[in-house]
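Notes for the one structure printed next.
Bear in mind the structure is a predicted one, so any value in this text is a computation, not a measurement. Along the sequence shown, the residues carry numbers beginning at 1. Hydrogens, waters and symmetry mates play no part in the numbers below; they use all other heavy atoms, side chains included.
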Amino acid sequence: MTARTPEQNEARRTAEEEPADSRRARRRLTFGVAGDLAGLPAALSPWQRAYEAWRAAGLTWGHGAPPRKRGEQPEQPSPEQPSPEQPSPEQPSPEQPSAGQPSAGQPSAAPSRRAESRPVRPSRPSSSSRTVAPPGGSGPSSKRRTRTAVVVGLVVLAGGVIVGASRRGGDEPIDSGETVLPGVVAVGSLFAADPAAATDGLVQELSDVASTGSTVVAAGSASAGGPGGSRARFLVSTDAGHKWSVADVRAANGSMPPSGDSPRHVSGWSGHWIAFGTSSGGGAVAWTSRDAATWTRHQLGAAFTPSDRVTGVTRTRGGFVAVGVSGGRAVVWTSADGAAWQRTAGIPGAASLDGVTSFADILVTHGASARKVTKKKGKKKVTRTVRSDGLWRSTDAGKTWTPVTVPQAQGSYGPIKGLTFGPGGFAVVREGRRATGPKNRRRLARFGVLFTSADGQRWQAASRFGGSGVELFGGAPDGGLAVLVRGAKGAHAVLRTDDGRAWRPGGTVAARVDSSGLAVADGTLVIAGREGGDAYLSGVDLRTVPGAVRPERSIRALAAGPDRGVAVGSTNGGSAIWTAPDGHAWSRARFPAAPGWLSDVVRGGKGWLAVGRTSGSAPGPLAMTSQDGSLWERSEFPGGPPPVAAASGPSGYVAVGLGAAWRSTDLTTWTRTALTGAAADVTATTRGYVAVGGSDTAPAVWTSPDGASWTPAKLPSGLATGRLTQVAAHGDALVAIGAGATALVSTDGGTTWTPQPLGAGITATAVTATQAGFVLAASTSGQDGAVLASADGVSWRLLQVPGLSGPGGQHLTALTTTGLAVLGTGVMVDARSETPLLWWAPVPE
């Protein structure tokens with residue numbers, strides 16, 4: 001049951017008891033609820049504050065029918081007309097201007113449907129207010145009461161945040177008879193990061209940078225360190241690198257792209273931008289943009305194979321050209337729009353390609369050639385492959401290529417380094433050296449040599465520059481050329497030229513920076529890379545760029561006891577535990593600092609147990625225990641693979657992981673048992689324990705009567721579910737979910753299993769058992785969230801949960817049951833942030 005202040009109760013009572021007086025009900029809501037809503041400026045008028053509150057809750061803003069003349073009888077609404085209780089948005093009131101005519105100070109567009117909470121810690125509720133009232137009693141049915149409380153009134157969670165209300169238009173429920181449940185709410189301030197952390201905990205890098213005119217784009221990724229968790233990041237500047245912003249990234253259908261992407265190469269020309277990288281599965285993926293501010297992800301088709309590696313990309317007048325290698329052969333891909341590609345393999349003399357640039361209709365690519373050389377060694381002939389670098393040129397948009405030669409001159413030697421187009425045309429550099437001084441005191445002078453070509457065919461030495469150890473080389477026709485070389489004491493030195501002849505110092509880059517990209521925009525040099533675990537952009541404090549730097553925060557699991565909820569995960573690269581006595585007011589628990597993360601938590605007869613892994617090159621087990629869920633201590637756990645999940649059952653506590661299961665009756669002494677596969681989750685039934693996971697890429701299930709001996713269960717053949725990730729038990733009925741759109745259901749404690757489709761485009765993300773069956777959270781193909789319920793795990797119905805759709809991606813990732821309520825956490829993701837979500841609702845019938 002949601003706790004309410006007296007003012008909120010008064011507002012709710014007014015809305016329910018006086019439905020005919022729509023204006024009076026709105027005034028009560030305005031001054032009783034919206035008047036004190038956190039986060040609204042005090043300068044707003046009461047009606048503006050009410051507008052904000054109602055719009056944030058998803059309610060239609062409007063009033064009833066126009067006032068009638070004195071003595072006139074009220075008109076009975078027809079079936080086609082809205083009743084006074086259902087005001088039409090087309091009926092303006094004195095306080096609400098007509099469409100297209102907002103009053104002064106009133107927003108012209110509706111604010112976001114989800115506002116991040118600024119929680120006011122409520123007083124500790126009584127035991128009756130921490131659970132949902134059971135069904136039964138006089139008056140309306142429990143479903144009717146739920147509908148009334150949520151649709152007519154406002155559901156207030158987390159200290160004054162409106163999270164659920166009636167919704168119309170695009171958010172109509174699929175089943176008109178379905179119960180409307182409270183919605184999710186963004187709760188970034190509730191699940192706090194580590195206030196004492198010295199790092200954000202994310203692994204971030206900018207892998208490349210490109211410019212055209214005054215527009216600069218730096219491409220890279222940010223990851224929490226786990227597998228497949230990286231997200232593509234694009235930073236853009238339209239004033240030659242002085243001010244930066246985070247670009248939007250979307251899938252081809254406009255939804256939030258999946259995680260696991262890492263852009264590696266970026267290029268732009270004449271307002272057309274292209275980037276290439278890898279996806280979570282290792283395959284190639286591309287992004288395109290018209291303005292560098294919004295990027296669209298393209299899943300590439302048959303022109304790319306799993307063994308392909310794209311190493312460079314450029315923009316031409318007719319589209320885009322990418323180069324790379326596949327199976328020891330050079331490959332070129334061409335595209336008119338960046339979405340549909342054609343493949344050309346077998347460039348004459350080229351074994352691989354690693355860079356490409358263009359001007360007008362001319363393309364020049366750099367790579368390696370391979371030729372076999374046979375020499376006589378004694379009486380035998382020995383054949384070996386000799387590799388050397390080279391350039392290839394195309395004048396027909398990459399369809400055909402011919403090799404070109406760059407001569408050695410002015411003391412140059414070795415391979416070509418870097419390839420760009422600058423003020424002297426196409427340009428490359430080589431290392432150079434020359435011996436000086438008398439024979440008895442000869443010294444070796446080191447330097448670099450610049451070579452240029454107007455057409456990419458005929459090359460000549462243009463100048464020399466000081467320094468050696470060329471690391472990066474780049475430039476632009478209107479900005480000059482720049483080279484990054486090794487400097488004194490490990491630092492990196494920058495040298496620049498405006499005309500390709502006279503060079504000058506251009507600054508230094510700290511030794512700890514791993515530079516990966518260089519560009520020149522309107523004379524401004526921009527270097528991108530990585531500094532430790534953080535992204536690096538020369539001359540820019542990325543902490544001042546909104547959305548460029550954020551703390552790592554992940555809620556991985558939930559559990560509930562009679563009087564407390566506990567969530568575990570990680571923040572800032574270290575393990576994290578949050579606790580709430582009522583499921584709403586969350587705060588960081590007291591626990592010892594430990595790098596890594598916690599992946600599961602459970603409560604049993606001897607107290608609470610949280611398990612996970614430490615971070616580092618050799619991760620190990622991590623376990624913490626608590627008696628009350630608020631104060632935690634580090635607990636000893638056997639060495640070996642880290643545990644990933646835990647459960648409490650009739651034989652004590654059980655933890656599972658890669659190839660192993662552990663059992664303990666006292667949270668102190670653990671006994672290890674081998675498991676043939678990789679377990680991902682475990683639960684308890686009336687017959688014992690059931691663990692789920694995978695064997696190679698196939699789903700796997702194990703059963704145990706006591707947690708000590710485990711037996712693989714026989715699964716139906718031909719399953720396309722992949723590895724299983726979670727399992728929940730309701731008595732001896734079980735539901736297991738994986739990465740596909742099919743759940744596995746067992747009614748006999750895990751002995752036999754039957755696949756049950758969840759629906760097209762549905763991917764399950766969490767499941768929990770309730771007193772009425774099961775509740776399952778999922779994400780859809782459009783990156784929206786969904787919640788389903790089932791009494792038996794076989795027949796599922798979609799529930800209406802507001803707040804799980806809209807811009808970006810949002811879904812629930814963890815579920816648990818507390819009394820007669822379901823508690824869930826999740827994440828709302830866009831290009832600039834990842835915000836935790838909280839959901840609390842009565843158990844659906």
Go through the side-chain N and O atoms of [X] and [Y] and say whether any donor and acceptor fall under 3.5 Å apart.
X    : Y    : value
S230 : S262 : yes
D681 : T683 : no
S570 : E552 : yes
D261 : S259 : no

Worksheet item: Hey, mind stepping through W670 and Y653 against ring-ring contact (aromatic ring centres under 6.0 Å, His included) and telling me if it holds?
Response: CA-CA 9 Å; W670 292 89; Y653 297 85; 7.1 Å; no
Fill in: Stacked cation flag R556 on W597, 6.0 angstrom / 45 deg
yes
Worksheet item: Would D514 and S516 count as a side chain to side chain donor-acceptor pair (under 3.5 Å) if you check the C-alpha gap in whole Å, the side-chain angles of each, and the deciding distance to 0.1 Å?
Response: CA-CA 7 Å; D514 183 10; S516 54; over 6 Å; no
Donor-acceptor pair, distance only, cut-off 3.5 Å: does the side chain of [X] make one with the backbone of [Y]?
X    : Y    : answer
Q627 : K606 : yes
S237 : K243 : yes
S630 : A589 : no
S554 : G569 : no
S664 : D666 : yes
Q726 : T765 : yes
N572 : G574 : no
W244 : T544 : no
R553 : I555 : no

Worksheet item: Is there a side-chain contact (heavy atoms from CB on, under 4.5 Å) between S635 and M624 once you walk through the steps?
Response: CA-CA 5 Å; S635 178; M624 294 190 185; 5.9 Å; no
What pair of heavy atoms forms the shortest contact from [X] to [Y], and how long is it?
X    : Y    : result
P263 : S221 : CD-CB, 4.4 Å
V266 : D208 : N-OD2, 3.0 Å
R723 : A678 : NH1-CB, 4.2 Å
L631 : S626 : O-OG, 2.7 Å
L724 : A680 : O-CB, 3.5 Å
L776 : A764 : CD2-CB, 3.9 Å

Output a table of donor-acceptor pairs, distance under 3.5 Å, between side-chain atoms of residues 535-543 and any protein atom two or more places apart or on a different chain; print 'none' if there are none.
residue : atom : partner : partner atom : Å
S538    : OG   : I527    : N            : 2.9
D541    : OD1  : R543    : N            : 3.1
D541    : OD1  : R543    : NE           : 3.0
D541    : OD2  : R543    : NH2          : 3.2

Within the 4.5 Å heavy-atom criterion, are [X] and [Y] side-chain neighbours or not?
X    : Y    : result
F191 : T825 : yes
V775 : L815 : yes
W578 : V568 : no
V787 : L804 : yes
W608 : W632 : yes
L558 : V601 : no
E205 : S223 : no
T294 : R250 : yes

Worksheet item: Who pairs with R663 by side-chain hydrogen bond (donor to acceptor under 3.5 Å, both in side chains), at least two apart in sequence or on another chain?
Response: none
For [X], check salt bridge (charged side-chain N to carboxylate O under 4.0 Å, His left out) against everything at least two apart and list the hits.
X    : answer
R613 : none
R512 : E531
E834 : R231, R550

Kindly compute the distance separating [atom1] ([X]) from [atom2] ([Y]), expressed to the nearest 0.5 Å.
X    : Y    : atom1 : atom2 : answer
R588 : L190 : CZ    : CG    : 13.5 Å
D582 : R564 : CG    : CZ    : 9.5 Å
D534 : T199 : CG    : OG1   : 5.5 Å
L667 : F637 : CG    : CZ    : 10.5 Å
F591 : T625 : CZ    : OG1   : 14.0 Å
T579 : D628 : OG1   : CG    : 8.0 Å

Item to complete: Mind jotting down which residue pairs meet the ring-ring contact (aromatic ring centres under 6.0 Å, His included) criterion with at least one end in residues 807-836? Sequence neighbours excluded, please.
Response: none
Worksheet item: Does the distance from a Lys or Arg side-chain N to an Asp or Glu carboxylate O, for E633 and R590, drop under 4.0 Å?
Response: no
Worksheet entry | Intermediate values then yes/no, side-chain contact (heavy atoms from CB on, under 4.5 Å), Q810 and D784 | CA-CA 5 Å; Q810 49 276 309; D784 288 335; 2.9 Å; yes
Worksheet entry | Worked verdict on L837 versus V185 for side-chain contact (heavy atoms from CB on, under 4.5 Å) | CA-CA 5 Å; L837 298 176; V185 60; over 6 Å; no
Discussion item. Checking L838 against L823 for the side-chain contact (heavy atoms from CB on, under 4.5 Å) test, could you report, in this order, the C-alpha distance in whole Å, the side-chain angles of both residues, the deciding distance, and whether it holds?
Written reply: CA-CA 8 Å; L838 179 64; L823 179 66; 3.7 Å; yes
